[in-house]
Chemist: 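Questions regarding the structure given below will be posed in turn.
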Amino acid sequence: MGTVFHRLGSVVRLGSSHRVTTLSCALRAPPPARGLHSESPSAAPQRRPFSRVSEEDLTFFRRILQNRVITDPDLLESSNVDWLRSVRGSSEVLLRPQTTEEVSQILKYCSNRLLAVTPQGGNTGLVGGSVPVYDEIILSTSLMNDIISFDNVSGILTCQAGCVLENLSQYLEDRDHMMPLDLGAKGSCHIGGNVATNAGGLRLLRYGSLRGTVLGLEAVLSDGRVLDCLSSLRKDNTGYDLKQLFIGSEGTLGVITAVSVLCPRRPASVNVVLLGCESFQQLLETFQLCRGMLGEILSAFEFLDSECMDLLKTHLELTNPISECPFYIVIETSGSDATHDAEKLHNFLEEAMTSLLVIDGTVATEDSKIKALWSLRERVTEALTHDGFVYKYDVSLPVDMIYQLVLDMREHLGGGAKRVVGYGHVGDGNLHLNITSSAKDPSLLASIEPFVYEWTAKHRGSISAEHGLGLKKRNYIYYSKHREAVSLMSKIKDMLDPKGILNPYKTLPDTSPRSSN
Ligand code: FAD
Ligand code: MLT
Ligand code: ZN
């Protein structure tokens, strides 16, 4: 315990001023392909009878976009394959509009011609939603990256959908503000993609979901109509809140072209702590203690298990700065008064140590160490891709149940998998269960699914907490939604996209239920 106190003792020196630090992590290039495939048999729908892109279509697109029509197969390659390199489309056209008007003209034309379209942001999605399944046209927002306005008084940022999250964070940091959203893919993902997936990430615990912080958005409907809900008001109860339909709709209801987001002030003081626990029960008790003692300054409470720590060491050569423990916690505090925050953190850590909830830990007092500690949590996704074929699950459950799924899955699979690991957002009750095997293994998959979905449904969880359904999870929607709800979703889809050209084969199941009335 001596070393424990020595390490944690550094907390008393936290009074010095801190610059806000977010992990600067432009995503590494995707790992080498390990055989491209769809993850499960249900991920292979029939091609629907859409038109195929003709020379006349290309002429039209070139007339409005000039040289922003990409048909070179080499350039198309990276847009046809998802980040996990588990789903591949065969699109022959990538369109790169710069304005809402151009998106509108494209969709109007595609609707008339019955051409299917896949909207694409940073292509970091993890459920196969961002790439075509067949030859859908890829509509990329990468050139729609203008900041439209920022109001320093209210903290409201309005920008085009293709702004990269990390660039927005940087822009705001210079203006003493920050994005309410942070995730490991920040160097590549677009704010439009974040909104389209309703991404959660590392700070949801503190700043809430995009359903609360997105104040308005602009979307182009499948027939080219522009829906301007780009409000920048905190309060607006005039009728139905249509923007909510597009948040989390994964490109199936419209193309989001601009958003306005409520951004918090940049905290004056940020601290990051890595703690080790003997059991998940102690981790949960630490969370409870933390909520009580850190209160309003708590901005993240994340965890990884010892298998994840081993992956980081084995594949990325990242070092664990504390002794080996079964579970690790990353806690971030953000506040306006460094002395006040340091005192609170000190009291919390002292209590956590004396009550033996925590067996080891370290506190980051410098930017580089803050970054290094966050890397241990944020780079687990990347480390996993080097371990073999990855079966990824993203579930939310009552928080006291989240790790039980990992334990039950390990027992259920016996020695059938290479690794069964758990990490995620404890504060949000969100577990990332990942299972690796040295190669794609249909019999392993058959052991995992539907077990994982049945287990989650039995414990009243959601089979997709934050990644969405995309292509891979669409047919499992019934584990988390009643038939009536799915039926209503299908009707909304039919109303907004009657020809079904927007991101076909995604989000909704292949066979939609009929409503009971
Ligand atoms: P894409 O991957 O390009 O697209 C995702 C979906 O949104 C697709 O269905 C696409 O059609 C649609 N879409 C994209 N742009 C638009 C638009 N303008 N209009 C309409 N539809 C659109 N996710 C989390 O929730 N939390 C995390 O902590 C997290 N961490 C991650 C860490 C890593 C290392 C990686 C690789 C991914 C992580 N993700 C996480 C998943 C992913 O980054 C998010 O889902 C992100 O929001 C996707 O943004 P994107 O711009 O890359 O969208
Ligand atoms: C995370 O929290 O790290 C992301 O959601 C990515 C993942 O699930 O691997
Ligand atoms: Zn996550």
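Both ligands and their constituent atoms are indexed starting at 1 by order of listing. Predicted, not measured: the structure shown is a model, and the values here were computed from it.
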Chemist: H432: which N/O/S atom is nearest the Zn ion (ligand 3)?
Modeler: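 The Zn ion (ligand 3) is closest to the H432 atom NE2, counting only N, O or S.
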
Chemist: Regarding ligand 1, does T381 bring an N or O atom to under 3.5 Å of one of the ligand's N or O atoms?
Modeler: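 For ligand 1, there is no N or O atom that lies under 3.5 Å from one belonging to T381.
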
Chemist: Please list the nearest protein heavy atom to atom 7 (C) of ligand 2 with its residue and the distance rounded to 0.1 Å.
Modeler: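 Ranked first by proximity to atom 7 (C) of ligand 2 is Y423 OH, 3.3 Å.
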
Chemist: Would you mind telling me if ligand 1 is within reach of the side chain of N194, the backbone, both or neither, using heavy atoms under 4.0 Å?
Modeler: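 The answer is both.
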
Chemist: I want to know if ligand 1 touches G129 in the polar sense, i.e. an N/O pair below 3.5 angstrom.
Modeler: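 Yes, since at least one N or O of G129 sits under 3.5 Å from an N or O of ligand 1.
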
Chemist: Looking only at heavy atoms of K392, does any of them come nearer than 4.0 Å to an atom of ligand 2?
Modeler: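 Right, K392 reaches ligand 2.
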
Chemist: Looking only at heavy atoms of G254, does any of them come nearer than 4.0 Å to an atom of ligand 1?
Modeler: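 Right, G254 reaches ligand 1.
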
Chemist: Between ligand 1 and E382, can you find any atom pair, the residue atom being a heavy atom, that is separated by under 4.0 Å?
Modeler: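 In this structure, E382 fails to qualify as a contact of ligand 1 - no heavy atom is under 4.0 Å.
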
Chemist: Do F303 and F287 make the cut of ring centroids closer than 6.0 angstrom?
Modeler: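 So the answer is no for these two rings.
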
Chemist: Check whether any N or O atom of A185, backbone or side chain, sits under 3.5 Å from an N or O atom of ligand 1, and answer yes or no.
Modeler: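 By distance alone, the answer is no.
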
Chemist: May I ask which of R377, H467, E378 has a heavy atom nearer to atom 1 (C) of ligand 2 than the others do?
Modeler: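 Minimum heavy-atom distance to atom 1 (C) of ligand 2 goes to R377.
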
Chemist: Quick one: does W83 get an N or O within less than 3.5 Å of an N or O on ligand 1?
Modeler: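 The answer is no, given that W83 and ligand 1 share no N or O pair closer than 3.5 Å.
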
